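Following: one structure in structure tokens, then a few remarks.
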Amino acid sequence: MKVLKGARLIDGTGARPVEGAMIVIRGNRIEAVSTKNQGEWPREAEIIDVSGMTVLPGLIDCHDHMANHRYDLAHRWGIDEPESTRHLRTAAVLRQTLLAGYTMVRDAAGLDSGFKRAIEEGLAEGPRLVLSISIISPIGGIGDAMSPSGDCCCVPRDPLLPSGVVETQGDIRPVVRRMVRAGADVIKCATTGGASSRPGHGPRDGAFNLDETQALVEEAHALDRRVMCHALGGRGLGIAIEAGVDSIEHGCYLDEDPGHLDRMAARGIFFVPTLLVYEYHRKSPQPHVRQRADDLHEHHLLSIRRALAAGVKVVAGTDAGGHGHPANAGELECLVKAGMTPMQAIEAATLWAAECLGRNEELGSVEPGKLADLVVAAGDPLADIAILRDPHRIALVVKDGAIVADRRAGLSAARSG
Ligand SMILES: [Zn+2]
């Protein structure tokens, strides 16, 4: 048994912070949350004093690419370093992400199921993983690797991952099944181009048609998998919403059709804007990427404000990987700059995020009966959300009831020094 005592608790539900909270953990679950002193603790109880600090649910990133480390083509095609080096690099990122307070990550393609298995077996350290394996898109879509003139023959493909390229409508269901066979917990697809995709396949250019997207969603749901859909704008964005995907990833031009957000609210479709990656794209060395990112910026911010007003849940995802792996909580800072309150930004990375992943029965808030994933921050994230992206301010990380990082000693030394 572990007892965290003296904390300011932000429980992830959006409720006001509670001072002097006591959180009792038994095994891997939260047994009790209270402000009353329970009197005597059993002798074996480990009492952890977190006075003056803030306890939050373990943070969740709903859109990350843990196995990607750069945007350049040689890296994307896997020819810049041996696969073993890349895997060790990925393992280091998984560990660093957990130690920074992120106890669950949804990988938006690129990570194979072996990493999840290694973490579950204790071979490696990392967050709980929700995997999508590969992006499903049609010929010419964002998941179709080819040379700039359209040649595919010599592009090496990672043999660890199934191909997500759909050639004909009849391929859709088998491709979905292949992802599930390879360990996909969620199906990732793309109905538009993106900021970083090739010239000619930009944010408002479509990919799948409505029939294809509906078949994909139907097959995924039949296999109890949610669908996360990369969709920025134009016709493909409306198609994704109409087909009933479960989350819109990026959604930069949601403001352009007033019906989009109303339909998302009515259907409970989540919005994962991934603001952090566009900060990077706005400084891209490639002119077409820079221009797309500049063009969508104001629309993206307006889309977030309108989404909140319409009752659409906005959740945190970094789309990290191509732009390296900066602190995931940088996204929370972006969300606050975009107009969310710090409390909403915390919900976006805790309970709303868990809902988006379909894991809110067990995770996403500090409540009795839930799995004990917690993060303790030195300071008040409601006063300054940026403290969550400073690893030195992350005093304690608990995953599945076990302490995986404890920097409290360093913090008190820093205070007294
Ligand atoms: Zn992505």
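Numbering of ligands and ligand atoms starts at 1, following listing order. Not measured: the values here are computed from a predicted model.
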message: Out of the candidates H300, H63, H250, E331, only one should pair with T274 under the side chain to side chain donor-acceptor pair (under 3.5 Å) rule; please name it.
response: H250

task: Taking side-chain hydrogen bond (donor to acceptor under 3.5 Å, both in side chains) as the test, write out the residues that go with Q169, two or more places apart.
output: none

task: Give a yes or no on whether a salt bridge exists between E242 and R235, defined as a side-chain N under 4.0 angstrom from a carboxylate O.
output: no

- request: Report the residues that fulfil side-chain hydrogen bond (donor to acceptor under 3.5 Å, both in side chains) with Y280, sequence neighbours left out, ordered by chain and then residue number.
  value: none

query: Has the side chain of K399 got a donor or acceptor atom that lies under 3.5 Å from a matching backbone atom of G126?
result: yes

task: Enumerate the protein N/O/S atoms at a distance below 2.8 Å from the Zn ion (ligand 1), ignoring waters.
output: H63 NE2, H65 NE2, D319 OD1

- line: Here the side-chain hydrogen bond (donor to acceptor under 3.5 Å, both in side chains) pairs for residues 375-397, sequence neighbours left out, are E333-R389

